[in-house]
Amino acid sequence: MELRHLRYFAAVAEVLNFTKAAVRLRVAQPALSRQVQDLEDEIGVDLLKRSPRGVTLTAEGKLFLVETLETLKRVDESVEKVRALSRGEYGELHIGYAPSPTLEILPPALAAFRSAAPGVKVTLHDLAGDDLCIGLHNGSLEIAVMIEPSAESAAGLEFEELKRYPFYVAMAPGHPLSKLKSVSVERVATEPLVALRRLDYSEYYRILDAIFSPSKLRPRIVVECDGASSLITEIEVGRGVALVSEIFQRAAGKRLVYRRLSNSDEAHRVGIARSQKGDVTPAGEKFCEILRQVSTPAAGKAKKK
């Protein structure tokens, strides 16, 4: 039994006429009659009563027609779902992200994607940088929107830069450094520094090293925080200052004061990370393209680690 047998039977059963069904199907009537007869022989029951005036459905034929139409409907739905999947319009997409650094690009990208592909179920995973890399490696994440990972974490990953944000010194209102227009790396080195936890944010320490090492200085870290919220609180209560990217200001708002880091070109590079061995679905590729569209200036080229 093949799908064509079911389609032929359904066509005859719906119009109760072999000639009309043959015209609809664009097949010869003898061939159609033979295919339906083969179906009845395989099932072992008569589905149609034939007479010179036409055909009628037997009780078995009526039941089989209901089942046949349901089967054909499911087949058509399955074909359409597969086609939609190939167009990036169906499926499930697991996206990892770092909340603060992606604040500018992720929300508009999600809105545009949900409008373009409403049939895709998007699941977001808010994770620390190193955990995002782990998720990409083990396949629990398809893509991640994040800060460029450290060399150690990025082994086997591709990173495509979308945005670049310079660094600022964040401090509590009224801090002595707030009287300056900008703050040098050397001056920051004399201050107690609030930082993210090394265990989860190895890329942050890569950046700190790149900022301080040219001056042969070491930051004086007094507290490590497990996320942006606790980092903001520690700065606000006066535990120290912090080096944060420009986009961080949107998360903290007016609770803190910011001054540009004057003598360092280091920046937070935010972009798309994916596994070199990973199979990114068409939906994932569509989302990446939307991320590129909402990011300005234009995204850079992919870099392999």
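A quick note: this is a predicted structure, and the numbers were derived from the prediction, not measured.
Between the side chain of R220 and the main chain of T190, a donor-acceptor pair closer than 3.5 Å is present. Between the side chain of T58 and the backbone N or O of G61 there is at least one donor-acceptor pair closer than 3.5 Å. Between the R259 side chain and the V169 main chain, no donor and acceptor come within less than 3.5 Å of each other. Checking side-chain atoms of S115 against main-chain N and O of A111 turns up no donor-acceptor pair under 3.5 Å. In this structure a side-chain-to-backbone donor-acceptor pair under 3.5 Å is present from E142 to T281. S275 places a side-chain N or O within donor-acceptor distance of the main-chain N or O of K277, the cut-off being under 3.5 Å. The main-chain N or O of L196 is never found under 3.5 Å from a side-chain atom of D226 such that the two would form a donor-acceptor pair. Side-chain N or O atoms of S202 include none that pairs as donor or acceptor with a backbone N or O of R198 at under 3.5 Å.
Listed by first and then second residue, the ring-ring contact (aromatic ring centres under 6.0 Å, His included) pairs involving residues 116-144 are H94-H125 (not counting sequence neighbours). Applying the salt bridge (Lys or Arg N to Asp or Glu O under 4.0 Å) rule to pairs touching residues 171-185 yields nothing, sequence neighbours excluded. Applying the ring-ring contact (aromatic ring centres under 6.0 Å, His included) rule to pairs touching residues 234-275 yields F167-H268, sequence neighbours excluded. Within the structure, every pair that satisfies the salt bridge (Lys or Arg N to Asp or Glu O under 4.0 Å) test and touches residues 101-120, not counting sequence neighbours, is listed here: E104-K163, E104-R250.
Contact annotation: the side chain of L6 approaches that of F64 to within less than 4.5 Å [non-hydrogen atoms, C-beta and beyond]. Side-chain contact between I95 and V122 is present, with at least one heavy-atom pair separated by less than 4.5 Å. A 4.5 Å side-chain heavy-atom check between V188 and I211 finds every atom pair outside the cut-off. Taking the side chain as every heavy atom from C-beta outward, L124 and Y97 approach each other to under 4.5 Å. L48 places a side-chain heavy atom less than 4.5 Å from the side chain of E40. A 4.5 Å side-chain heavy-atom check between L157 and C133 finds at least one atom pair inside the cut-off. Inter-residue side-chain proximity for R292 and L162 is flagged as met; some heavy-atom pair is nearer than 4.5 Å. At a threshold of 4.5 Å between non-hydrogen side-chain atoms, the residues R50 and F18 count as touching.
One finds the NZ atom of K73 at 10.0 Å from the CG atom of L69 (value rounded to the nearest 0.5 Å). For the atom pair D209 CG and R218 CZ, the distance stands at 8.5 Å (nearest 0.5 Å).
Residue V294 comes nearest to I105 through the heavy atom pair CG2-O, 3.7 Å, listed as atom of the first residue, atom of the second, then distance. Closest heavy-atom contact between R206 and P149: NE-O, 4.1 Å. Of all heavy-atom pairs between F9 and L47, the closest is CE1-CB, 3.7 Å. Annotation for P173 and V257: closest pair CA-CG2, 3.6 Å, computed over non-hydrogen atoms. Here the closest heavy-atom approach between residue F287 and residue L93 is recorded as CB-CD2, 3.9 Å. Taking every heavy atom of both residues into account, G135 and N138 meet most closely at O-OD1, 2.9 Å.
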Is there a salt bridge (charged side-chain N to carboxylate O under 4.0 Å, His left out) between E77 and R74? Walk through the geometry before answering. CA-CA 5 Å; E77 289 175 348; R74 287 288 298 116; 3.4 Å; yes
Check the pair S264, E266 against side chain to side chain donor-acceptor pair (under 3.5 Å), reporting the backbone distance first and the verdict last. CA-CA 6 Å; S264 175; E266 284 300 313; 5.6 Å; no
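Taken together through direct or relayed side-chain contacts under 4.5 Å among Ile, Leu, Val, Met, Phe, Trp and Tyr, V222 and V244 form part of one hydrophobic cluster. Follow the hydrophobic side-chain contacts under 4.5 Å out from L103 and you reach L106 in the same cluster. Under the 4.5 Å side-chain heavy-atom criterion for grouping Ile, Leu, Val, Met, Phe, Trp and Tyr, L3 is connected to L39 within one hydrophobic cluster.
More than 12 heavy-atom neighbours from other residues, nucleotides or ligands sit within 6.0 angstrom of CZ on R255. More than 12 heavy atoms of other residues, nucleotides or ligands shown are found within 6.0 angstrom of CG on D41.
Partners of R4 according to the salt bridge (charged side-chain N to carboxylate O under 4.0 Å, His left out) rule, which considers only residues two or more places apart in sequence or in another chain, are E2. Residues satisfying the salt bridge (charged side-chain N to carboxylate O under 4.0 Å, His left out) test with R24, not counting sequence neighbours, are E14.
Of the listed residues (Y205, Y204, Y201), just one forms a side-chain hydrogen bond (donor to acceptor under 3.5 Å, both in side chains) with E224, and that residue is Y205.
Between R197 and D200, at least one side-chain N (NZ, or NE/NH1/NH2) sits under 4.0 Å from a carboxylate O, which counts as a salt bridge.
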